[in-house]
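Okay, structure first, notes after.
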Amino acid sequence: MKTVEEQITIIRRGAVQIIPEDELREKIKRSIDSGVPMRIKYGADPSAPDIHLGHTVPLRKLREFQDLGHLVVFIIGDFTALVGDPSGKSKTRKRLSSEEIMENARTYQEQVFKILDREKTEVVYNSSWLSGLTFPDVIDLTSRYTVARMLERDDFSKRYKGGKPISILEFLYPLMQGYDSVAVKSDVELGGTDQTFNLLVARDIQREYGETPQAIVTLPLLEGTDGVQKMSKSLGNYIGVSEPALDIYGKLMSISDDLMWRYFELLSARSMAEIEEAKLECASGTNPMVWKKKLAFEITERFSSAPEAGTAREQFESVHQKKEIPEEMATVQVSAAEVSGGIDIITLLRRAGLVNTNSEARRKIQEGAVRINNKKIFEHNAVIPVKDNDIIRLGKRNFRRLVL
RNA sequence: GGGGAGAUACCGAAGUGGCCAAACGGGGCAGACUGUAACUCUGCUGGCAAUGCCUUCGUAGGUUCGAAUCCUGCUCUCCCCA
């Protein structure tokens with residue numbers, strides 16, 4: 001068992017804030033003395049089943065807590081998802097059916113346990129306590145917090161000042177999350193910095209219900225592959241942990257050199273000392289690509305396997321560095337009858353799923369982005385004689401192999 | 001309950017009777033460049049049987065030779081007052 005200070009050091013690495021640190025120390029000490037592990041709460045929204053590298057930042061921190069002997073209480077926010085979160089810009093965010101939620105929760109867990117230790121994880125659904133609350137219970141809960149305090153939340157106050165709508169339901173969310181903490185009796189809760197407000201509300205709610213408030217550990221939000229906005233599926237700048245090894249590797253290689261160091265800090269298992277060393281090395285002339293490949297390999301391996309990551313690296317090198325055509329690619333099946341006497345290029349591109357409309361196909365052809373077997377096609381009414389195994393290419397990185 | 005403002009393409013935002021498939025910016029895609037799928041530069045970015053035609057400016061009607069633009073109802077949002 002590690003000492004309090006040793007544990008704090010591990011917890012602090014990569015964390016943005018620990019609120020309040022002395023309370024956390026106290027909790028760790030009590031845990032050591034009593035031999036009872038701390039209960040570390042983490043909530044997940046099962047509306048999007050694909051977890052990406054951004055989610056893995058807190059997950060890795062949870063794993064560190066587990067390795068220190070503590071228990072993770074993983075809350076699936078099925079009740080939350082059932083109600084449907086109206087926050088943000090998407091006005092008509094759909095409400096999920098309970099079947100969808102259960103399915104998402106299942107795939108979610110599959111992915112989460114690539115990182116977490118199953119033995120030290122308690123998975124719970126917040127519907128099991130939230131759906132049982134009566135309206136008087138809800139009134140009691142809402143009476144314990146004020147509108148002014150709600151408006152302290154950054155995005156609420158911004159929207160309020162900017163004349164953007166805020167639904168009452170959104171005010172309820174922090175309260176529901178806080179109630180979750182009461183229900184699971186959490187000692188510590190983890191979340192991204194965007195969750196700071198909700199995590200703090202939970203402390204107040206716990207106190208209101210006569211419990212000892214949880215300590216809070218906030219973690220940075222990982223920037224997406226664009227290097228600017230936070231990684232999110234809706235922004236399309238994410239790297240999913242269940243993506244094919246080649247995609248994970250390739251997307252990691254596409255990040256900027258600056259962002260690479262950020263990823264090293266937040267995702268890599270390498271020590272900070274080693275990372276600093278690498279930075280110096282690059283500053284003195286080493287091609288950053290060398291280190292980017294190491295990062296890409298490490299992360300790809302984590303979510304697939306060493307052989308798969310190796311294959312991904314080879315393919316990347318062959319396609320992007322030697323400009324060769326990848327060995328493996330998506331295929332498109334056509335019947336021999338369809339292509340006897342050739343097939344017109346627009347139809348071919350659409351059949352291959354490389355474009356969505358004929359107009360788009362014409363544009364791409366004009367731009368010189370279309371190749372068949374590495375030969376550029378410029379005629380948008382060209383009729384192409386094709387055969388089995390021909391390769392259709394759009395741009396640098398979209399390939400389809402034709403199968404008759 | 002009363003008064004006012006608004007809803008435009010993936011997002012933000014201009015346009016206020018014909019020159020509007022709709023400026024500009026962001027995003028996306030492509031081309032050039034590159035160690036790179038980064039940066040930068042350039043082009044494209046509603047659809048189609050394509051020098052034309054069709055659909056689109058919250059929604060349903062109306063006025064007009066002609067409507068994103070004017071009128072009316074409806075839906076939704078914001079602000080002020082009570």
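Below, read A as the first sequence line, B as the second, and so on, with proteins coming before strands; counting in each chain starts at 1. Below, all heavy atoms of this structure are taken into account, side chains as well, without hydrogens, waters or symmetry copies.
Taking only side-chain atoms of E367(A), from C-beta outward, the nucleotide of A30(B), C33(B), U36(B) with the closest atom is A30(B). The side chain of K376(A) approaches G31(B) more closely than any other nucleotide in the set G31(B), G35(B), C79(B). Comparing atom distances between the D257(A) side chain and each of A37(B), G35(B), A30(B) picks out G35(B) as nearest.
The pair R207(A)-D204(A) meets the salt-bridge criterion, since a charged nitrogen lies less than 4.0 angstrom from a carboxylate oxygen. Between R270(A) and E265(A) there is no salt bridge, since no side-chain nitrogen of the basic residue lies less than 4.0 Å from a carboxylate oxygen of the acidic one. Using a 4.0 Å cut-off between a side-chain N of Lys or Arg and a carboxylate O of Asp or Glu, K29(A) and E26(A) do not qualify as a salt bridge. In this structure, E298(A) does not pair ionically with K294(A), as no charged nitrogen and carboxylate oxygen lie closer than 4.0 Å.
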Could you pull out the protein-nucleic contacts involving nucleotides 48-57 of chain B (nitrogen or oxygen on both sides, under 3.5 Å)?
| from | atom 1 | to | atom 2 | distance (Å) |
| --- | --- | --- | --- | --- |
| C48(B) | OP1 | R350(A) | NH1 | 3.3 |
| C48(B) | OP1 | N358(A) | N | 3.0 |
| C48(B) | OP2 | N358(A) | N | 3.3 |
| C48(B) | OP2 | S359(A) | N | 2.8 |
| C48(B) | OP2 | S359(A) | OG | 2.6 |
| A49(B) | OP1 | N358(A) | ND2 | 3.4 |
| A49(B) | OP2 | N358(A) | ND2 | 2.9 |
| A50(B) | N6 | S359(A) | OG | 3.1 |
| A50(B) | N6 | R362(A) | NE | 2.9 |

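The distance between atom CZ of R393(A) and atom P of A30(B), rounded to the nearest whole Å, is 11 Å. Rounded to an integer number of Å, the gap from L354(A) CG to C29(B) P is 14 Å. Note: NZ (K161(A)) to P (C80(B)) measures 13 Å, nearest angstrom. Remark: P of A30(B) and CD1 of I392(A) are 16 Å apart, rounded to the nearest angstrom. Taking atom NZ of K396(A) as the reference point, atom P of U34(B) lies 11 Å away to the nearest angstrom. Here the P atom of nucleotide A38(B) and the CG atom of L295(A) are 17 Å apart, to the nearest Å. Atom-to-atom, OH of Y249(A) to C1' of U36(B) comes out at 11 Å; the value is rounded to the nearest Å. Between the CG atom of N237(A) and the P atom of G27(B) there is a distance of 12 Å, given to the nearest Å.
A67(B) and A60(B): their C1' atoms are spaced 15 Å apart (whole Å). G62(B) and A30(B) are spaced 45 Å apart, taking the C1' atom of each and rounding to whole Å. A distance of about 43 Å separates the P atoms of C53(B) and G4(B), rounded to the whole Å. Taking atom P in both C80(B) and U72(B), the straight-line distance is 26 Å, to the nearest Å. A gap of 8 Å separates the C1' atoms of U40(B) and C33(B), to the nearest Å. Atom C1' of U64(B) sits at a distance of 23 Å from the matching atom of G58(B), rounded to the whole Å. Here the separation of U56(B) from C48(B), taken at their C1' atoms, is 15 Å to the nearest Å. Using C1' as the reference atom, A21(B) and U8(B) are 12 Å apart when rounded to the nearest Å.
Nucleotide C70(B) forms a pair with G62(B), judged by Watson-Crick or G-U wobble geometry with both contacts under 3.5 Å. With both pairing distances under 3.5 Å, C10(B) is matched to G26(B) as a Watson-Crick or G-U wobble pair. Partner assigned to A38(B) is none, using Watson-Crick or G-U wobble distances below 3.5 angstrom. Pairing for C57(B) is absent, with no Watson-Crick or G-U wobble pair whose two atom distances lie under 3.5 Å. Within the shown strands, nothing qualifies as a pairing partner of U16(B) under the Watson-Crick or G-U definition with both distances less than 3.5 Å.
For the pair K251(A) and Y238(A), the cation-pi test (distance below 6.0 Å, angle within 45°) is passed. Cation-pi geometry between R153(A) and F156(A) is satisfied (NZ or CZ under 6.0 Å from the ring centre, within 45° of the ring normal). Cation-pi check for R144(A) over Y209(A) is met; the charged atom lies under 6.0 angstrom from the ring centroid and within 45 degrees of its normal. Cation-pi geometry between R393(A) and F399(A) is not met: the NZ or CZ atom fails to fall both under 6.0 Å from the ring centre and inside 45° of the normal.
Other residues, nucleotides and ligands place more than 12 heavy atoms under 6.0 Å from the NZ atom of K114(A).
Using a 4.0 Å heavy-atom distance criterion, G250(A) is classed as a base contact. Within the nucleic acid shown, K251(A) has no heavy atom closer than 4.0 Å to any nucleic acid atom. Nucleic acid contact for F316(A): base, since at least one base atom lies under 4.0 Å from a heavy atom of the residue. Residue-level contact check: N398(A) touches the backbone only, with heavy atoms under 4.0 Å from sugar-phosphate atoms and none from bases.
Nearest-nucleotide positions on RNA chain B place M289(A) closer to the 5' end than the other of M289(A) and K164(A).
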